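Take a look at the structure set out below.
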Amino acid sequence: MDEKEIQVNKRLDSIISSNPDPFPFERINKGKALLKLMEEIRKYIETDQWLHLGMILKELENHEIQIMKK
């Protein structure tokens, strides 16, 4: 989980610093949304709220993100 958060943060930094489009808001907003979802996952794991965790994982899948390697 920590590795994924670091990857998303690095990707956001690279989008901001190297994007010729001065307003890459869609990509930045997607990255921020993913970080928020990862934060919620961490909270649900710590409080043993497995139903909510499953819903967030499903939402991440909708964003085409996989937390666990297969």
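Worth saying up front: this structure is predicted, and the values here are computed from it rather than measured. Every heavy atom of this structure was used, including side-chain atoms; hydrogens, water molecules and symmetry mates were not.
- Rounding to the nearest 0.5 Å places CG of Leu53 at 6.0 Å from CD1 of Ile41.
- If you chain together hydrophobic residues whose side chains sit under 4.5 Å apart, Trp50 and Leu57 fall into the same group.
- Applying the side-chain hydrogen bond (donor to acceptor under 3.5 Å, both in side chains) rule to Glu39 yields no partners; only residues at least two apart in sequence or on another chain are considered.
- In this structure, the salt bridge (Lys or Arg N to Asp or Glu O under 4.0 Å) partners of Glu5, at least two apart in sequence or on a different chain, are Arg42.
- When the side-chain hydrogen bond (donor to acceptor under 3.5 Å, both in side chains) test is applied to Lys36, the partners found at least two apart in sequence or on another chain are Glu40.
- Listed by chain and residue number, Leu12, Ile28 satisfy the side chain to side chain contact (heavy atoms under 4.5 Å, CB included) test with Lys32 (two or more places apart in sequence, or in another chain).
- Under the 4.5 Å side-chain heavy-atom criterion for ILVMFWY residues, no single connected hydrophobic cluster contains both Met55 and Leu34.
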